[in-house]
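These values consider heavy atoms only, across backbone and side chains, with no hydrogens, waters or symmetry-generated copies. Each ligand, and each atom within it, is numbered from 1 in the order the structure gives.
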Amino acid sequence: MGLVTTKEMFEKSIKEHFAVGAFNVNNMEIVQAILDAAKEENSPVILQASSSAIKYARINYLMKMVEAGLEETDVPVAIHLDHGPDFETCKMCIDAGFTSVMIDGSKYDFDENVALTKKVVDYAHERGVVVEAELGKLAGIEDDVNVASSDAMYTDPDQAKEFVEKTGCDSLAIAIGTSHGAYKFKGDAKLRFDILQKVKEKLPNTPIVLHGASTVIPELVEMCNKYGGNIPGAKGVPDEMLREASKNGVSKINVDTDLRLAMTAEIRKVFAEEPEVFDPRKYLTPARDKIKETVKHKMRDVFLSSGKA
Ligand code: TD4
Ligand code: CA
Ligand code: ZN
């Protein structure tokens with residue numbers, strides 16, 4: 001099928017009650033692991049790159065790696081800009097062949113967010129590219145400001161409807177209590193599914209996106225710590241909650257932290273157990289395998305996207 005926008009996979013996700021995983025990519029091993037997982041699970045998939053990923057890997061390398069991967073698979077694949085900070089970055093990605101971009105105007109007030117998002121939508125739609133926008137602030141560190149989870153700015157469902165109508169964005173990221181990184185909750189995980197439901201009532205046909213949705217898989221955290229890491233008390237969104245979200249109107253679920261943990265856990269293990277190893281392939285091979293296994297588990301058991309290609 002090759003490179004596609006997210007339009008059809010999201011329509012199918014709404015009709016058939018599953019979510020599409022959007023996995024952050026930074027290098028070849030990560031791209032290969034995700035695409036191999038999607039192929040084996042026969043699942044649609046979104047590869048996404050943040051602006052720091054683009055700075056790190058360089059946009060031409062990212063595009064060419066994705067194109068290389070597409071030669072080996074028939075599942076629908078979208079390449080998406082994650083958290084586009086401004087119009088220029090979105091334009092650069094659209095011009096480079098991305099099929100989807102996110103403009104993250106959540107740090108601006110409502111009207112400025114609308115205006116910026118609309119500008120990106122106009123440019124993208126003329127070129128057949130779709131746009132994700134964001135309304136509301138994720139708890140924790142978001143846009144370099146620390147939003148305490150107690151006064152986290154959840155998405156207002158009425159505003160969400162007005163925002164989508166005014167901007168014409170194709171999908172909407174909402175804040176219901178998730179946050180980026182490995183420390184999402186102090187006590188029990190709590191998500192505002194009531195807000196998700198209200199947003200869905202107001203916007204039944206708009207694909208909804210969940211950011212900061214890594215599980216922070218306990219076995220991976222343990223493994224990192226066992227082999228010399230220091231990430232105590234890390235906690236994410238339990239699989240069960242993500243499965244509910246996938247069945248009940250969330251179309252796209254973003255995952256980066258769990259892939260970082262998978263990769264680091266395996267590399268640490270080799271470093272700790274085989275200090276004589278200095279061939280990068282000796283530790284990047286198990287790292288890549290672990291990312292693939294992690295992605296497959298999410299597609300099959302959590303997002304329910306396996307077989308939906
Ligand atoms: O949008 N994302 C991934 C954001 C990571 C970007 O970080 P860099 O700027 O360092 O590349 C998510 O919503 C994933 O959330 P997660 O729960 O995996 O942290
Ligand atoms: Ca944001
Ligand atoms: Zn995010």
Side-chain angles (χ1 to χ4, degrees), residues 19-27 30-31 34 46-59 62 78 80-86 89-90 93 100-110 112-113 116-117 120 131-147 149 152-155 160 163 169 171-185 189 191 208-218 220-221 231 234-239 241-242 245 250-264 291 294-295 298 302-303:
V20 182
F23 303 95
N24 286 77
V25 296
N26 293 282
N27 67 14
I30 301 173
V31 171
I34 298 163
I46 299 165
L47 301 178
Q48 57 185 14
S50 67
S51 46
S52 30
I54 291 170
K55 227 174 261 163
Y56 174 78
R58 305 207 284 271
I59 197 163
L62 286 171
H80 172 79
L81 167 67
D82 190 23
H83 292 284
D86 47 41
T89 308
C90 292
C93 290
S100 175
V101 293
M102 175 187 191
I103 176 68
D104 183 354
S106 66
K107 61 177 172 287
Y108 300 114
D109 68 28
F110 185 83
E112 273 179 285
N113 190 355
L116 176 60
T117 301
V120 173
V131 177
E132 174 185 330
E134 180 170 305
L135 190 65
K137 283 206 159 60
L138 303 198
I141 305 284
E142 166 80 329
D143 301 318
D144 299 327
V145 277
N146 199 346
V147 189
S149 27
M153 293 159 76
Y154 298 115
T155 304
F163 185 87
C169 66
S171 60
L172 185 69
I174 61 169
I176 60 166
T178 61
S179 59
H180 291 120
Y183 301 92
K184 301 188 192 299
F185 304 101
L191 291 189
I208 298 302
V209 181
L210 211 53
H211 281 251
S214 274
T215 302
V216 190
I217 299 170
L220 297 179
V221 174
I231 35 178
K235 193 179 242 178
V237 185
D239 279 352
M241 282 189 185
L242 294 171
V250 169
S251 287
K252 173 174 179 271
I253 298 187
N254 285 6
V255 175
D256 187 9
T257 296
D258 281 336
L259 307 190
R260 296 181 183 198
L261 289 170
M263 185 159 205
T264 303
I291 295 172
T294 303
V295 171
K298 287 181 186 285
V302 188
F303 304 161

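Side-chain atoms of Ser179 never come within 3.5 Å of backbone atoms of Gly212 as a donor-acceptor pair (strictly under, hydrogens ignored). At distances below 3.5 Å, not a single donor-acceptor pair connects side-chain atoms of Asp239 with backbone N or O atoms of Val302. For the pair Ser214 (side chain) and Asp258 (backbone), a donor-acceptor distance under 3.5 Å is present. Side chain of Ser251 to backbone of Ala19: no donor-acceptor contact under 3.5 angstrom is found. Although no hydrogens or angles enter the test, the distance criterion places no donor-acceptor pair under 3.5 Å between the side chain of Lys252 and the main chain of Ala22. Of the possible donor and acceptor atoms, none in the side chain of Thr257 sits under 3.5 Å from a partner among the backbone N and O of Val216. The backbone N or O of Phe23 lies less than 3.5 Å from no partner atom in the side chain of Asp256, so there is not a single donor-acceptor pair. The closest donor-acceptor contact from the side chain of Thr178 to the backbone of Ala213 lies at 3.5 Å or more, if one exists at all.
Here the heavy atom of the protein found nearest to atom 11 (O) of ligand 1 is Ser50 OG, 2.6 Å. Shortest contact from atom 16 (P) of ligand 1 to any protein heavy atom: Thr257 OG1, 3.5 Å.
Close approach to His211 involves these atoms of ligand 1, each under 4.0 Å from a residue heavy atom: 1 (O), 13 (O). Near Ser52, with a cut-off below 4.0 Å to any heavy atom, the atoms of ligand 1 are 8 (P), 9 (O), 10 (O), 11 (O). Within ligand 1, counting atoms from 1 as listed, the ones closer than 4.0 Å to a heavy atom of Lys184 are 16 (P), 17 (O), 19 (O). The Ala213 neighbourhood of ligand 1 comprises atoms 15 (O), 17 (O), with distances under 4.0 Å to a heavy atom of that residue. Atoms of ligand 1 found under 4.0 Å from any heavy atom of Asp82, numbered from 1 in the order shown, are 1 (O), 2 (N), 3 (C), 4 (C).
The nearest N/O/S atom of Asp104 to the Ca ion (ligand 2) is OD2. No other N/O/S atom of His180 lies as close to the Zn ion (ligand 3) as NE2 does. As for Glu134, its N/O/S atom nearest the Ca ion (ligand 2) is the one called OE2. Residue His211 approaches the Zn ion (ligand 3) most closely through its N/O/S atom ND1.
Partner of His83 under the side-chain hydrogen bond (donor to acceptor under 3.5 Å, both in side chains) criterion, chosen from Asp104, Thr89, Asn24: Asp104. A side chain to side chain contact (heavy atoms under 4.5 Å, CB included) with Met102 is found for exactly one of Asp82, Asn254, Val131, Val209, namely Asp82.
Across Ser214, Gly212, Ser51, heavy-atom proximity to atom 13 (O) of ligand 1 is greatest for Gly212. Among His83, Arg260, His180, the residue whose heavy atom lies closest to atom 10 (O) of ligand 1 is Arg260.
At a heavy-atom cutoff of 4.0 Å, ligand 1 is contacted by the backbone of Val255 but not by its side chain.
Polar contact with ligand 1: absent for Asp258 (N/O pair, distance under 3.5 Å). Backbone and side-chain nitrogen or oxygen atoms of Asp256 are examined, and one is located within less than 3.5 angstrom of a nitrogen or oxygen of ligand 1.
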